[in-house]
Amino acid sequence: MAFSRIARGSLSRVIGSHVGEKDLIPQGLASSLCSLRSSENARSSSADFFFHSDPRHSSKLGLGHSNSQVRGIKTTPHFQFPNAMSAVEESDSEDEAQKFPGLEATKPGEKPRVVVLGTGWAACRFMKGLDTRIYDVVCVSPRNHMVFTPLLASTCVGTLEFRSVAEPVGRIQPALATSPNSYFYLSSCTGIDTDKHEVYCETVSDGGLAHEPHHFKVAYDKLVIAAGSEPLTFGIKGVMEHAYFLREVNHAQEIRKKLLLNLMLSDNPGISEEERKRLLHCVVIGGGPTGVEFSGELSDFIMKDVRERYTHVKDYIQVTLIEANEILSSFDVGLRQYATNHFNKCGVRLMRGVVKEVQAKKIVLNDGTEVPYGLLVWSTGVGPSQFIKSLNLPKSPGGRIGVDTWLRVPSVEDVFALGDCAGFLEQTGRPVLPALAQVAEREGKFLMDLFNRIGKQNGGKAFSTTSINLGDPFVYRHLGSMASVGHYKALVDLRESKDAKGIAHAGFISWLIWRSAYLTRVVSWRNRFYVAVNWATTLVFGRDNSRIGA
């Protein structure tokens, strides 16, 4: 097999990082391997990628090389199985189970196993309706919850509590917690072998295991890749080091802590007026719905809470929204103008510009303008993650995994992709859909119906769907867009496309529609209750300004 041909130099580095030699290496080879490792370490870091010694395996497994945390799955640069040395000295058949602990392929008579990578909108909608009387389901993700992203900006300023926008995946699909052959693994997928129908995983933990990271495999009958995307930084220097993103609950927590810290620091004696202005300057990059809604939430926080509770610095705090073109470019022209006028009245400064560089305390634009900041939130859209880029699968325009009109990856068997990480191949004649929650949710529902239908026709097992009629392909119809701009105002654009005709409305009524729509779309009744109570509490008592955590 493939793993029996791995070079000893790479293997010695793997063993040095993860397991003791005495457990795996015959005593007669120990001294020679130690010297070999010493010489190799002089030439190469112990973080060298596990499969570099044979590029065929890297290509076959579709493994990545960079280290990047994304919404659903992360990829790591050191995909190293701890027991790999035994592959050199012993036969593959004797040590396969030891090398790759995990779930083996399903046997005849057992339910087919569906492996889902990710816990985003697409993955959770798919798992929510999957018929677990037909399938066993295994979910692999570095987070154990789904985030209701449209309301995430509200948590940054205390309008909502963090738990109000997070739904545990075990509540979305109870079989993950109750079914004996269904599992949730708090892990990252690091590679896929489409020939063997296996995914390779690395545990996510913080010192809880004796040997970290722990690696294992999961065999699948059907694989659903819903690994999400990552923020686009366009290679701009300093973004990753100094900017905050707004895609996860922990991102919102960090933004909230930074915002409140700056407010309290600016009130200390001895702070110069220039430094106070910098600390209290909140800059948002990107004029899409996320950037606009976050700016609106900040504006409300400043007008209703900061001016009452931070009276000494209330005149210094400011919000600036920087966009290269126009804010809310996908919305109706009249709505864009309404948002612009509203922000001008509420004290949100709009700037046209392209960021050239981000430094620790200031942003440099292409025209040379320098913008000091205390808090910087980056919201310029998303693109394929490094994990998705590294997979040896066909790609759609833009670098996503290419799928056909049934969301299948056509070059391999039993692999499907959906959500932000997937896009239609050019030969389908369809455009790549935008990375929106409603697109991901609709794709998840379509694929769930498809799986339930083919499962009832005994098509759930691997290599068993060739002769099954899949039914009508996926068709997406845009239901419209909404965005809150703060101060009980919102925009509602119900056109199917940018150039189509339809209802476009702004104001207080639109704000009521926005809140009602999102309240009904929250995943569970539990979270709907949380959201409603949080909104009522904020209306009566204002936002909480406690800064909890280091």
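We use all heavy atoms of the structure for the numbers below, so side chains are in, but hydrogens, waters and symmetry mates are not.
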Please check if any side-chain donor atom of [X] sits under 3.5 Å from a side-chain acceptor atom of [Y], or the reverse.
X    : Y    : result
K489 : S484 : no
Y476 : E443 : no
R247 : S229 : yes
E297 : S154 : yes
E254 : N250 : no
S524 : E167 : yes
R453 : Q457 : no
W378 : T380 : yes
D367 : T369 : yes

Side chain proximity check, [X] to [Y], heavy atoms < 4.5 angstrom:
X    : Y    : result
E248 : R143 : yes
T106 : P112 : no
F184 : N144 : yes
D449 : F446 : no
D332 : R495 : yes
L103 : R113 : yes
F294 : I255 : yes
V485 : V292 : yes

Take V319 and S299 through the side-chain contact (heavy atoms from CB on, under 4.5 Å) test and state the conclusion after the steps. CA-CA 7 Å; V319 181; S299 175; 5.6 Å; no
Carefully, step by step, assess L491 and S510 under the rule side-chain contact (heavy atoms from CB on, under 4.5 Å). CA-CA 6 Å; L491 316 176; S510 296; 6.0 Å; no
Calculate, to the nearest 0.5 Å, the distance between atoms [atom1] and [atom2] belonging to [X] and [Y] respectively.
X    : Y    : atom1 : atom2 : answer
L470 : L450 : CG    : CG    : 5.5 Å
I225 : C421 : CD1   : SG    : 6.5 Å
H242 : L376 : NE2   : CG    : 9.5 Å
I172 : R125 : CD1   : CZ    : 10.5 Å

Check whether [X] reaches the backbone of [Y] with its side chain - one donor and one acceptor, N or O, closer than 3.5 Å.
X    : Y    : value
E110 : A105 : no
S516 : I513 : no
R430 : G423 : no
H342 : G486 : yes
T465 : I468 : no
S396 : G402 : no

Over 12 foreign heavy atoms within 6.0 Å of [atom1], [X]:
X    : atom1 : result
R133 : CZ    : no
E426 : CD    : no
K356 : NZ    : no
K395 : NZ    : yes
N458 : CG    : no

Which atom names give the shortest non-hydrogen contact between [X] and [Y], and what distance separates them?
X    : Y    : answer
S330 : D493 : O-OD2, 4.1 Å
N527 : A166 : ND2-O, 3.2 Å
A504 : L335 : CB-CD1, 3.9 Å
T155 : A252 : OG1-CB, 3.3 Å
A462 : D414 : CA-OD2, 3.3 Å
A339 : I327 : CB-CD1, 4.0 Å

By the ring-ring contact (aromatic ring centres under 6.0 Å, His included) test, which pairs, at least two apart or in different chains, include something from residues 399-418?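 As it turns out, the ring-ring contact (aromatic ring centres under 6.0 Å, His included) pairs with a partner in residues 399-418, which skip direct neighbours, are F416-F451.
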On the ring face of F331, is R336 found with NZ or CZ under 6.0 Å from the centre and within 45° of the axis?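 Here R336 fails the 6.0 Å and 45° test against F331.
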Against the six-membered ring of F343, is R349 placed for a cation-pi contact (under 6.0 Å from the centre, within 45° of the normal)?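 Output no; distance or angle outside limits.
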Could you label the plane-to-plane angle of the W511 and F508 rings as parallel, tilted or perpendicular, counting under 30° as parallel and over 60° as perpendicular?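 Plane angle under 30°, so parallel.
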How would you list, by chain and number, every residue that makes a ring pair (Phe, Tyr, Trp, His ring centres under 6.0 Å) with Y183, sequence neighbours excluded?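 Scan of Y183 (ring pair (Phe, Tyr, Trp, His ring centres under 6.0 Å), adjacent residues dropped) gives Y185.
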Output all residues satisfying ring pair (Phe, Tyr, Trp, His ring centres under 6.0 Å) with Y220, sequence neighbours left out; order by chain, then residue number.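 Y220: ring pair (Phe, Tyr, Trp, His ring centres under 6.0 Å) contacts with H197.
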Go through the steps to decide whether Q386 and E230 satisfy the test side-chain contact (heavy atoms from CB on, under 4.5 Å), and finish with yes or no. CA-CA 8 Å; Q386 293 301 319; E230 65 182 23; 3.9 Å; yes
If you measure from the Lys or Arg side-chain nitrogens to the Asp or Glu carboxylate oxygens, is any gap between R352 and E323 under 4.0 Å?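 No salt bridge links R352 with E323.
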Derivation of the side-chain contact (heavy atoms from CB on, under 4.5 Å) call for T203 and F216: CA-CA 8 Å; T203 55; F216 61 95; 3.8 Å; yes
